[in-house]
Amino acid sequence: MKTPLPRWGRLSSALLAAACGLLIAARGHTEEPEDRRGQAGCPVRLESRGRCAEGGDCPVQLRLPPLTMELPQELGRIQEVLKEVQTLKDIVSSLSKSCQDCRLQADDNRDPEGHGDRGDDARVQELESQVHQLSSELRGAKDEIHELHGRLEQLSLVNMNNVENYVDSKMANLTFVVNSLDGKCPSKCPSQEEIQSPPVQHLIYKDCSDYYVIGRRSSETYRVTPDPRNSSFEVYCDMETMGGGWTVLQARLDGSTNFTRTWQDYKTGFGNLRREFWLGNDKIHLLTKSKEMILRIDLEDFNGVKLYALYDQFYVANEFLKYRLHIGSYNGTAGNALHFSKHYNHNLKFFTTPDRDNDRYPSGNCGLYYSSGWWFDACLSANLNGKYYHQKYKGVRNGIFWGTWPGMNQSQPGGYKSSFKQAKMMIRPKHFKPKLGSAHLSRYSLGEP
Ligand SMILES: [Ca+2]
């Protein structure tokens with residue numbers, strides 16, 4: 001579009017001033033000092049050129065030096081605004097097109113009779129009224145549920161109170177009856193201890209002390225189950241020695257059973273429980289695992305001397321650990337032969353048999369040399385599974401041996417060695433308390449036979 005040129009004669013001074021003002025205003029945004037701008041003055045010139053017309057209008061020339069304009073930064077945003085306007089325009093255009101498509105579709109769906117709008121309106125109104133109705137019904141149901149919930153809470157509280165009151169009243173009645181009976185009871189009422197006897201039958205008897213507790217007092221064989229996960233087995237119970245309740249692990253009395261046996265024999269046990277026997281390392285392990293046990297060893301020589309050794313702890317490990325022996329502190333009269341010295345100590349030693357060398361003797365098998373299965377060191381200060389000799393014997397000391405026995409280590413004339421007439425090993429729970437009568441109490445003080 002073309003704009004007609006103004007009449008420069010009339011507007012010259014005003015245009016000049018405006019052009020100057022604009023130029024100076026634009027340059028005001030530069031860093032140039034104020035005084036230099038003043039000195040430079042206005043570079044724009046209006047000059048008359050050529051002949052003037054009759055009306056006095058003269059040709060005018062506007063001279064502008066090479067123009068450098070620095071416009072306000074806000075003007076730069078105009079471009080962005082224009083872009084946005086264009087984007088909005090595009091959106092409006094696309095919306096307008098889709099609106100037209102909508103209308104066309106609506107026209108296609110309209111029923112031929114032209115009742116569509118009215119039918120749809122009626123349908124919408126109907127649905128709206130249904131929604132309203134359902135909504136109000138829901139509100140009513142919610143109120144009802146709330147009310148019922150409150151009533152339920154009340155009911156449960158009432159019921160619990162009733163039950164409590166009932167129990168309280170019954171307890172009060174029972175207390176009254178008990179008190180009244182207690183008042184009527186004469187002084188010779190049976191004591192609680194007497195009421196409780198006979199004792200409750202055990203379902204499982206772990207060892208002989210459990211049979212003792214239920215009143216069994218005869219020394220004989222009983223079936224025990226030290227560990228319910230393993231099968232039960234027969235044992236011989238000593239119900240007499242030191243109050244009774246002892247489970248016997250080993251017995252020697254006449255030489256009727258051979259004790260020079262294999263690992264397997266010592267593992268499972270051998271002999272006759274009523275005569276001579278080794279109960280078996282697996283069984284001994286189970287018995288000593290199930291309860292904390294003490295060990296008692298009774299010995300009698302051919303001179304009729306009877307002595308004993310008591311260990312306040314006794315445990316035999318399982319086969320995987322080679323039936324390792326664990327004994328506690330010694331007490332007794334026969335001497336501590338299981339722990340004779342630093343070099344002869346059977347405690348914490350593995351079990352060795354003639355066919356299984358677990359001893360601490362590097363040059364040979366103590367079990368083979370001493371004809372026995374035992375917790376050999378290198379080799380022995382005690383061996384209760386040695387050969388049974390009916391009298392003094394010569395040669396290798398492979399008889400029943402207890403190194404701390406009085407006179408045992410004294411050399412006999414002719415190199416004869418002493419043996420034992422009887423030997424017995426038995427265990428009992430450490431915390432077992434035999435029910436000793438007054439007669440027994442005088443005979444058996446703690447730890448003494
Ligand atoms: Ca060896």
Side-chain angles (χ1 to χ4, degrees), residues 249-252 255 257-271 276-289 293 295 297 299 309 311 313-330 334-389 393-405 408-409 411 415-420 423-425 427:
L249 307 181
Q250 183 253 31
R252 313 295 299 273
T257 297
N258 176 23
F259 273 67
T260 307
R261 299 273 190 146
T262 61
W263 179 268
Q264 186 60 31
D265 284 346
Y266 273 98
K267 171 186 164 72
T268 55
F270 55 83
E276 293 194 323
F277 65 92
W278 180 256
L279 185 61
N281 289 338
D282 282 342
K283 293 168 190 164
I284 295 172
H285 165 68
L286 290 175
L287 284 163
T288 57
K289 189 183 77 168
M293 293 288 190
L295 171 71
I297 293 167
L299 294 166
Y311 291 88
Q313 187 208 340
F314 178 72
Y315 170 70
V316 172
N318 61 20
E319 186 178 21
F320 181 76
L321 295 169
K322 302 169 187 169
Y323 303 118
R324 195 181 197 191
L325 175 67
H326 298 252
I327 50 167
S329 301
Y330 160 84
N336 186 4
L338 286 180
H339 189 172
F340 182 78
S341 67
K342 187 181 173 185
H343 300 290
Y344 291 102
N345 182 7
H346 295 279
N347 189 26
L348 302 177
K349 299 302 179 299
F350 300 120
F351 204 82
T352 286
T353 53
D355 62 333
R356 192 77 65 90
D357 184 353
N358 297 317
D359 62 39
R360 282 166 43 80
Y361 181 61
S363 308
N365 181 339
C366 300
L368 188 62
Y369 193 74
Y370 291 101
S371 311
S372 164
W374 193 251
W375 300 277
F376 285 106
D377 191 1
C379 279
L380 76 168
S381 53
N383 173 23
L384 299 184
N385 290 341
K387 284 190 171 183
Y388 190 95
Y389 288 100
Y393 64 99
K394 294 173 82 172
V396 176
R397 194 191 283 276
N398 61 358
I400 300 169
F401 180 61
W402 191 256
T404 52
W405 195 260
M408 180 61 81
N409 284 323
S411 57
Y416 282 100
K417 296 171 178 70
S418 303
S419 188
F420 287 92
K424 186 156 76 170
M425 298 173 66
I427 57 172

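The model shown is predicted, which means the values in this text are computed figures rather than measured ones. All heavy atoms count here, side chains included; hydrogens, waters and symmetry mates do not. Position 1 is the first residue of the sequence, and the numbers go up from there. Read the numbers this way: they start at 1 and go in the same order the structure lists the ligands and their atoms.
Side-chain contact check for N398 and Y389: at least one donor-acceptor pair (N or O, by modelled atom type) lies under 3.5 Å. Side-chain polar atoms of N258 and Y388 form no donor-acceptor pair below 3.5 angstrom.
Surrounding NZ of K387 are at most 12 heavy atoms belonging to other residues, nucleotides or ligands under 6.0 Å away.
Under 3.0 Å from the Ca ion (ligand 1) lies an N/O/S atom of Y361, whether from backbone or side chain. At least one N/O/S atom of G364, from backbone or side chain, sits under 3.0 Å from the Ca ion (ligand 1).
Residues Y361 and F376 place their aromatic rings such that the two centres sit no closer than 6.0 Å.
Nearest N/O/S atom of D359 with respect to the Ca ion (ligand 1) is recorded as OD1.
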